[in-house]
Amino acid sequence: MENCQKPLHKLPKAERLHSHNAIQGLFTNGKSFYIYPFKVIVLERLPDSQLPEVRILISVSKKKIKLAVARNRIKRLIREGWRKHKSPVIQQLNFYGTHLDIALIFTGHDIPDFLLIQKKINAVIKRLLQEYEVAD
RNA sequence: AGGUAAAUCCGGGUAGUCGCUGCAUGCAAAUGCGGAGGAAAGUCGGGACAGCACAGGGCGCCAUACUUCCUAACGGGAAGGGCUUGAAGCAGAAAUGCAUCAGGUACAGCAAGUGCCACAGAAAACAAACCGCCCUGCCUCAGGGCAGGGUAAGGGUGAAAACGUGAGGUAAGAGCUCACGCCUUGUCCGGGCGACCGGGCAGGUGGGUAAACCUUAUGGGCUGCAAGGCCAAAUAUACCGGCAAUUCGGUUCACCGAUCAAGGGCUGCCCGUCCGGUGCCGGUGGGUAGGCCGCUGGAGGCUGGUAGCAAUGCCAGUCCAAGAUAAAUGACUGCCGGAUCAGAAAAAUGAGCAUCUUCUGAUUGCACAGAAUCCCGCUUACAGGAUUUACAAAGCU
RNA sequence: GGACCCGUAGCAUAAUUGGAUAGUGCAUCUGACUACGGAUCAGAAGGUUAGGGGUUCGAAUCCCUUCGGGUUCA
């Protein structure tokens, strides 16, 4: 546990979803569920040694949040929350041998507290773990 | 002390842990250094830069519009001029003028032409007579009426009524004449680089509107970093080469030649109709996903000197200060600072409250806001703080 | 990031080249009709013409500026 603790809290660019095609594929083929204030879209992929176990896309709508400063802050908070709490998902995916693309779409109307974000991201992660236990 | 307004500047700091991003070093792991703003915003002007177009000229279209200067350029800035609003003052019978202070000003030309000026009003611009005023003629006992003419002083209308005030003049009136004054055209003299100012002479076509068409002057080619350039997977396609297949011809019967879109069958021809026009490999071309360049050292910052009223220029020294791309510059915690609230103490005062200073406690991450090719400006948003200038004046009971 | 367009009652849509009370339909409210409701009839209310400033005697219209919404360009 202690050995793998350190690298798990990083979030390099490879673990962020930024390819236009991959995003299109995620939105057209992915399954979605909703835990306020997140809409979550998930797509299973075949394992590929070039790509990481899970890729994350964080989105905050310009329609919901007008100010660029507020959007940036929300995205940073969500990213921070995911970075801190993502390790169980990766462990499980390694165990079952599948990979995932995930989109976290924020649908609230104002800047949330960091504690709330952490709580909700944990809820999302719990749901993900359940889904993929059942699936296998 | 403090208040209000304007201008300029700042607009949280620090330590730790965990991250993101660029560069450097390193085989790697990693380490070191750098990492949002005054508006990064709006995209309103102007450039740099890039591509396309381009003999030269005219028309058209768009923009700008007091002067001089600054600037790479601008619809920006500085200084100045005119006009205008308000205040109190002086001169004058009044119109109006003078100087002062505080603002505002898209401020070329309606005296080049055209258009428009609703409703009201007689009339909204080569004039014009509704009421009124005056003259003449006729009718009538009279009051008065009718007809012709003169008249823009008065009434009324309107945002605006043919320059204003006073006097003369006249039947009544009128810039009809005169005095003073405003506006304006031409010209001369003086001052100023100039806008313009002061004065003289001769005039007058004397309503507004050009953010109405327009005229004059000046400027402008168009499009924008998603510009533009380079590399380039997969798939499809065009061309070239090879092989195979197809079709046709020749014959020594398994070979040769031709053919890659001609064509072939029903039929000899036309019409009609049917069939066929391929597959694999390699290369080339444009070119998609994706990547790289453009991409940050520049009309650059800071300090000092110097010219100028100033905007700003010049000189010297010194520094290098983000470069992301589904888009980095963050999260958490502690301490300091700030803000708000509560309490206490002290000072000024005759006393209390408010204010201010200090201390204690609580609350609050704490103004507006996030680079996207880069600059200059404008506009808009902004908690709080600092400095300077100007103003009023020592709060309430 | 660049370029461009639009904004009128709750909704939709007019207002000729600036001209006076900003019109119309649906919806809303009140009354009549009806046992009640609908439909119908009569009447009323509802507008900072997106906000602010300017030009003009006069602005929904012209000009500047701010805000909101939308379109488009690889």
Side-chain angles (χ1 to χ4, degrees):
Chain A
M1 275 289 271
E2 265 79 38
N3 303 358
C4 53
Q5 194 70 20
K6 210 175 180 186
L8 284 181
H9 284 304
K10 290 194 172 187
L11 188 65
K13 189 168 168 181
E15 285 189 32
R16 299 199 302 262
L17 191 58
H18 57 268
S19 159
H20 181 263
N21 287 352
I23 292 164
Q24 286 300 318
L26 173 60
F27 274 86
T28 46
N29 302 323
K31 291 183 289 183
S32 72
F33 59 91
Y34 193 87
I35 294 176
Y36 182 82
F38 297 114
K39 185 179 185 182
V40 186
I41 302 177
V42 191
L43 180 65
E44 228 177 311
R45 338 183 234 108
L46 293 171
D48 186 342
S49 59
Q50 300 287 316
L51 295 173
E53 293 86 353
V54 61
R55 291 189 297 179
I56 186 81
L57 170 72
I58 296 162
S59 174
V60 181
S61 164
K62 198 171 186 175
K63 288 219 169 170
K64 302 268 184 188
I65 311 289
K66 295 280 182 198
L67 255 66
V69 172
R71 280 201 303 278
N72 275 346
R73 179 161 170 82
I74 291 167
K75 282 201 270 191
R76 281 163 182 163
L77 288 172
I78 295 170
R79 205 167 59 214
E80 201 68 13
W82 177 257
R83 183 172 73 79
K84 289 253 171 74
H85 297 98
K86 66 176 178 167
S87 45
V89 178
I90 293 175
Q91 283 179 3
Q92 178 155 358
L93 289 175
N94 273 329
F95 182 75
Y96 286 111
T98 62
H99 287 184
L100 280 185
D101 284 347
I102 302 171
L104 280 176
I105 298 166
F106 182 80
T107 55
H109 286 87
D110 23 45
I111 302 178
D113 207 289
F114 185 58
L115 290 172
L116 181 78
I117 292 274
Q118 295 195 68
K119 209 171 128 194
K120 292 297 183 178
I121 283 178
N122 272 328
V124 167
I125 284 168
K126 210 170 151 192
R127 173 79 178 267
L128 280 172
L129 294 178
Q130 283 175 2
E131 292 257 332
Y132 285 89
E133 269 173 10
V134 172
D136 285 301

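Chain letters run A, B, ... following the sequence lines, proteins first and then strands; every chain starts at 1.
Within 90° of 0 lies the glycosidic angle of B:A321, which makes this nucleotide syn. Here B:G285 is in the anti range [glycosidic angle more than 90° from 0]. For B:A227, the base adopts the anti conformation, since its glycosidic angle falls more than 90 degrees from zero. Base orientation of B:G175: syn (glycosidic angle within 90° of 0).
Searching all strands for a Watson-Crick or G-U wobble partner of B:G12 with both distances below 3.5 Å returns B:C336. The base-pairing partner of B:C116, taking Watson-Crick or G-U wobble contacts with both distances under 3.5 Å, is B:G208. B:A147 and B:U136 make up a base pair, with Watson-Crick or G-U wobble contacts both under 3.5 Å. With a 3.5 Å ceiling on both atom-pair distances, the Watson-Crick or G-U wobble partner of B:C33 is B:G22. Applying the Watson-Crick and G-U wobble criteria (two distances, each under 3.5 Å), B:C74 pairs with nothing in any strand. B:C341 and B:G361 make up a base pair, with Watson-Crick or G-U wobble contacts both under 3.5 Å. Pairing partner, B:A1: none, since no Watson-Crick or wobble contact has both distances short of 3.5 Å. Shown here, B:A327 forms no base pair; nothing in the strands shown gives a Watson-Crick or G-U wobble contact with both key distances under 3.5 Å.
Comparing B:A326, B:A331, B:A30 by their closest approach to the side chain of A:Lys10 singles out B:A30. Of the candidate nucleotides B:U21, B:A326, B:G330, B:U21 has the atom lying nearest to any side-chain atom of A:Lys13. Between B:A326, B:G19, B:A371, one nucleotide has an atom nearer to the side chain of A:Gln24 than all others, and that is B:A326. Checked against B:A369, B:A30, B:A326, the side chain of A:Val69 finds its nearest nucleotide in B:A369.
B:C107 sits 14 Å from C:C57 when the P atoms are compared, rounded to a whole Å. Comparing B:A171 with B:C116, their C1' atoms are spaced 42 Å from each other, to the whole Å. Comparing B:C193 with B:A48, their P atoms are spaced 36 Å from each other, to the whole Å. Taking the P atom of each, B:C281 and B:U235 are spaced 10 Å apart, rounded to whole Å. Comparing B:G164 with B:U96, their P atoms sit 11 Å apart, to the nearest whole Å. Rounded to the nearest Å, the gap between the C1' atom of B:G206 and that of B:G175 is 11 Å. The separation of B:A1 from B:U68, taken at their P atoms, amounts to 49 Å, rounded to a whole angstrom. Separation of the P atoms belonging to B:G156 and B:C126 is 27 Å when rounded to the nearest angstrom.
Inter-residue side-chain proximity for A:Ile41 and A:Phe33 is flagged as unmet; no heavy-atom pair is nearer than 4.5 Å. Between A:Val42 and A:Val40 the shortest side-chain heavy-atom distance falls below 4.5 Å. Side-chain atoms of A:Asn72 and A:Arg76, non-hydrogen and from C-beta on, do get closer than 4.5 Å to each other.
If you take CZ of A:Arg73 and P of B:U329, they are 12 Å apart, rounded to a whole angstrom. Between A:Leu67 atom CG and B:C382 atom P the separation is 14 Å, expressed in whole Å.
Tested against A:Leu100, the residues A:Val54, A:Leu43, A:Leu26 include a single side-chain contact (heavy atoms from CB on, under 4.5 Å) partner, A:Val54. Each of A:Ile78, A:Ile105, A:Thr107 was evaluated against A:Phe38; a single residue qualifies, A:Ile78, per the side-chain contact (heavy atoms from CB on, under 4.5 Å) test.
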Listing time: all N or O pairs from protein to nucleotides 68-74 of chain C that are below 3.5 Å?
residue	atom	partner	partner atom	Å
C:G69	OP1	A:Lys66	NZ	2.7
C:G70	OP1	A:Lys63	NZ	3.3

All N/O contacts under 3.5 Å from nucleotides 34-37 of chain B to the protein, with atom names and distances to one decimal?
residue	atom	partner	partner atom	Å
B:A36	N1	A:Arg76	NH2	3.4

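Between A:Glu15 and A:Lys86 a salt bridge is recorded (basic side-chain N to carboxylate O distance below 4.0 Å).
A:His85 places no side-chain N or O within 3.5 Å of a backbone atom of A:Arg83 that could act as its donor or acceptor partner.
A:Arg79 comes within 4.0 angstrom of sugar-phosphate atoms only, judged by non-hydrogen atoms across all strands, and of no base.
Residues A:Asn21 and A:Leu57 both approach RNA chain B. Their nearest nucleotides, taken by heavy-atom distance, put A:Asn21 toward the 5′ side.
For B:G19, the OP1/OP2 oxygens have no side-chain nitrogen or oxygen of A:Arg16 closer than 4.0 Å. For A:Arg83 and B:G330, the shortest distance from a side-chain N or O to OP1 or OP2 is not below 4.0 Å.
In terms of the side chain to side chain contact (heavy atoms under 4.5 Å, CB included) criterion, residue partners of A:Lys64 (sequence neighbours excluded) are, by chain and number, A:Ser61, A:His109. Considering only residues two or more places apart in sequence or on other chains, A:Ile23 meets the side chain to side chain contact (heavy atoms under 4.5 Å, CB included) condition with A:Leu17, A:Phe27, A:Leu57.
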**OP:** Kindly determine whether A:His99 and A:Glu44 satisfy side-chain contact (heavy atoms from CB on, under 4.5 Å), including the steps that lead there.
**Re:** CA-CA 6 Å; A:His99 287 184; A:Glu44 228 177 311; over 6 Å; no
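For residues 89-102 of chain A, the set of pairs meeting the salt bridge (Lys or Arg N to Asp or Glu O under 4.0 Å) definition, not counting sequence neighbours, comprises A:Arg45-A:Asp101, A:Arg55-A:Asp101. Sorted by first then second residue, the salt bridge (Lys or Arg N to Asp or Glu O under 4.0 Å) pairs that include residues 107-127 of chain A, not counting sequence neighbours, are A:Arg127-A:Glu131.
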